[in-house]
Amino acid sequence: MDERSAGSDPVGTLPAVPRFYVTTPIYYVNDAPHVGHAYTTVNADALARWHRLAGDDVFFLTGTDEHGQKVARAAEEHGVTPKEWTDQLSTRFASAWAELNISNDDFIRTTEPRHHRTVQRFLQQIYDNGWIVKDTYSGLYCVSCEQYYSETELLEGMLCPVHRTPVEVLEEDNYFFRLSAFEDRLIEWYEKQPDAVIPEAKRNEALSFIKGGLHDISITRTSISWGVPVPWDGDHVFYVWYDALVNYLTAIGYGEDEERFAAWWPAVHHLIGKEIIRFHCVWWPAMCMAAGIDPPAQVQVHGWLLVGGEKMSKSSLNQIAPGDLVGDYGVDAVRYHLLRDTPLGSDGDFSAEGITARYNSDLANNLGNLLARVATVVGSKCNGTGPAPDSDSRLAAVAAAVGADAIEAWNDSLPHLALEATWRLIRETNAELETAEPWKAEPGPEVDAVLGSALEVLRIVALLITPAMPTAADEIWRRIGLSGSPAEGRLPEDASWGRYPGGLPVEKGEPLFPRRKA
Ligand code: MSP
């Protein structure tokens with residue numbers, strides 16, 4: 001299914017522009033950002049940048065999830081008010097994303113008045129539609145997950161399956177969302193929309209959970225006050241997940257700007273980690289149905305970054321701060337490693353050895369080396385002026401095939417495949433140079449043809465890596481004498497062979513990715 005919708009044109013004369021609304025989960029502010037959070041955010045950023053390059057109208061949302069028991073407890077442990085705590089931590093997430101060159105269009109905080117209004121409006125609508133009722137509930141609750149578990153789901157010793165910490169027995173007089181009433185509708189929706197959840201294995205997981213039978217769920221709390229008040233009963237606040245999911249609607253004007261809301265919903269692409277499938281792929285579509293709006297067009301589920309086989313998280317004390325890595329390797333190298341080495345959908349190991357090996361093989365020895373050797377030889381054989389590409393170069397066909405594969409992979413939201421394809425072109429070009437050895441030849445048309453084609457490859461590569469490594473892409477663009485930024489380009493058109501004009505000054509400069517000690 002194409003999750004993009006056509007933008008409306010009030011005058012009716014312009015061609016419709018596809019829309020792409022991409023979101024990350026909003027991050028709990030019970031602790032500081034780590035590389036696991038960065039993994040989701042960098043992937044979402046790369047998808048947003050890709051869609052901008054494809055000419056789509058893009059809205060990229062991330063933010064922080066600031067209510068609930070977990071956050072209230074973290075504030076208490078640090079001796080500050082929840083407001084002070086969330087202000088501090090939210091800023092740390094925003095700065096981590098700035099360090100990683102994240103291009104989000106909005107940063108939502110669930111403590112903002114705009115969000116309170118939307119949560120109340122949305123849940124009031126579900127209540128008015130008759131899908132919320134009052135009842136008593138007793139269950140086994142994990143505070144870290146902010147979720148009830150059934151006994152069979154727990155690990156031995158009544159431990160949470162995600163955090164491996166004891167669950168608590170909680171009994172509450174609560175409002176319940178009648179999730180059980182949506183079982184058939186959800187199954188029907190899954191059958192009609194085969195791509196609503198990708199990859200397929202995760203879709204099947206969500207579907208079999210639904211087919212296993214759904215229970216009504218408790219959506220309010222009286223035990224805490226750090227939340228959004230229930231509009232029809234002041235003794236209750238909404239349970240943090242019910243409040244959090246609504247962020248996706250707040251940012252696009254649900255209930256406040258109907259035109260804007262209709263433009264972006266339901267054409268959304270939610271990127272989430274595998275531990276929150278149930279919330280996004282069962283509860284959330286059911287809540288949307290209950291409120292009378294369409295469920296989200298697509299949820300893409302990814303795996304975990306593991307350290308020594310364990311999920312990187314606050315509880316396992318194995319977290320690595322994104323800023324430390326950026327300081328050490330540079331922003332583009334960190335982004336590249338996250339995008340290239342852990343395919344969306346699988347778990348991946350995160351280690352200093354892994355990032356260094358990838359850096360040296362792909363960035364220093366391949367891309368960096370190609371740029372350096374081309375610039376050096378243009379300096380010595382062409383007086384520093386880049387020649388035009390050869391229209392008959394063997395590389396033209398390689399670039400066309402790679403361009404098609406990379407573009408298809410970006411369109412399928414699979415950055416690792418897009419980058420793998422792009423590096424095929426880089427390797428082939430290095431190999432071509434090694435065969436032609438222009439550094440040994442006399443200046444003349446043959447050398448010009450080889451170097452012009454290599455410059456053309458660098459231009460195409462800069463475009464194709466823009467979503468992943470925007471800073472390096474800009475620098476390559478500048479060094480081969482092009483003005484502006486590859487981010488202003490349009491794909492696929494601009495990836496066609498022969499657009500490097502020649503006659504431009506080529507700058508050698510410092511190594512783009514100096515080799516690192518293993
Ligand atoms: N606040 C909820 C989400 C609400 S969305 C309406 C939440 N927050 S979280 O901070 O615990 O996690 C947010 C996301 O961070 C996870 O879904 C996952 O995408 C990502 N990750 C956190 N740790 C991770 C790894 N170790 N590896 C990969 N992603 C990880 O859940």
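All values below were derived from every heavy atom in this structure, side-chain atoms included, with hydrogens, water molecules and symmetry-related copies excluded. Note that ligands are numbered from 1 as they come in the structure, with each ligand's atoms numbered from 1 the same way.
Ligand 1 lies within reach of W241, whose nearest heavy atom is under 4.0 Å from it. Under a 4.0 angstrom heavy-atom cut-off, W284 registers as lying outside contact with ligand 1. In this structure, H280 counts as a contact residue of ligand 1, since one of its heavy atoms falls inside 4.0 Å of the ligand.
Heavy-atom contacts from other residues, nucleotides or ligands closer than 6.0 Å to CD of E256 number more than 12. The neighbour count for E151 CD, taken as heavy atoms of other residues, nucleotides or ligands under 6.0 Å away, does not exceed 12.
In summary, E168 and R73 engage in a salt bridge, as defined by a charged side-chain N under 4.0 Å from a carboxylate O. By the 4.0 Å N-to-carboxylate-O rule, R358 lies close enough to D341 to be salt-bridged with it. The existence of a salt bridge linking R203 and D195 is excluded, since no basic side-chain nitrogen approaches an acidic carboxylate oxygen closer than 4.0 Å. Using a 4.0 Å cut-off between charged nitrogen and carboxylate oxygen, E188 and K192 count as a salt-bridge pair. The pair D105-R52 counts as a salt bridge, with a side-chain nitrogen and a carboxylate oxygen less than 4.0 angstrom apart.
At a 3.5 angstrom cut-off on N or O pairs, Y39 does not count as close to ligand 1. Distances between N or O atoms of L245 and those of ligand 1 include no value under 3.5 Å. Remark: ligand 1 and P25 share no N or O pair separated by less than 3.5 Å (distance only, no angle test). Looking at ligand 1, you won't find any N or O of I272 less than 3.5 Å from one of its N or O atoms. For ligand 1, one of its N or O atoms has an N or O atom of Y28 under 3.5 Å away.
From the protein, the heavy atom lying nearest to atom 23 (N) of ligand 1 is H34 CE1, 3.4 Å. The nearest protein atom to atom 27 (N) of ligand 1, hydrogens excluded, is given as L305 N, 2.8 Å; this is a heavy-atom distance. Atom 19 (O) of ligand 1 has T40 OG1, 2.9 Å as its closest protein atom, hydrogens excluded (heavy atom only). What sits closest to atom 30 (C) of ligand 1 on the protein, heavy atoms only, is G36 O, 3.4 Å. Looking only at heavy atoms of the protein, atom 26 (N) of ligand 1 is closest to M312 O, 3.0 Å. The nearest heavy-atom contact from the protein to atom 15 (O) of ligand 1 is Y27 CE2, 3.4 Å. Of the protein's heavy atoms, I26 O, 3.5 Å lies nearest to atom 2 (C) of ligand 1. Ranking the protein heavy atoms by distance from atom 16 (C) of ligand 1 puts E275 OE2, 3.2 Å first.
Within the listing of ligand 1, atoms 28 (C) sit less than 4.0 angstrom from a heavy atom of G303. Close approach of ligand 1 to H37 is summarised as follows: ligand atoms under 4.0 Å from at least one heavy atom of the residue are 10 (O), 15 (O), 22 (C). With ligand atoms numbered from 1 in the order given, ligand 1 contributes 17 (O), 31 (O) to contacts under 4.0 Å with heavy atoms of I276. Residue A244 approaches ligand 1 through these ligand atoms, each under 4.0 Å from one of its heavy atoms: 6 (C). Taking every non-hydrogen atom of G273 and a distance limit under 4.0 Å, the qualifying atoms of ligand 1 come out as 17 (O), 18 (C), 19 (O).
For the 3.5 Å distance criterion, the side chains of H280 and Y248 qualify, holding a donor opposite an acceptor. At a cut-off of 3.5 Å, with distance as the only test, a side-chain donor of T471 or N101 sits close to an acceptor on the other residue. No side-chain donor from either of T222 and D235 sits under 3.5 Å from a side-chain acceptor of the other. Checked by atom type, the side-chain pair Y329/T356 shows a donor-acceptor distance below 3.5 Å.
Between atom CD1 of residue I219 and atom CZ of residue R178 there is a gap of 12.5 Å, rounded to the nearest 0.5 Å.
Contact annotation for F279 and ligand 1: no heavy atom of the residue comes within less than 4.0 Å of the ligand. Within the 4.0 Å heavy-atom criterion, the part of D65 lying near ligand 1 is the side chain and not the backbone.
Between R109 and the choices D65, D243, D87, the salt bridge (Lys or Arg N to Asp or Glu O under 4.0 Å) rule is met once, by D87. If you run side-chain hydrogen bond (donor to acceptor under 3.5 Å, both in side chains) between T62 and each of T23, T24, T41, only T24 comes through.
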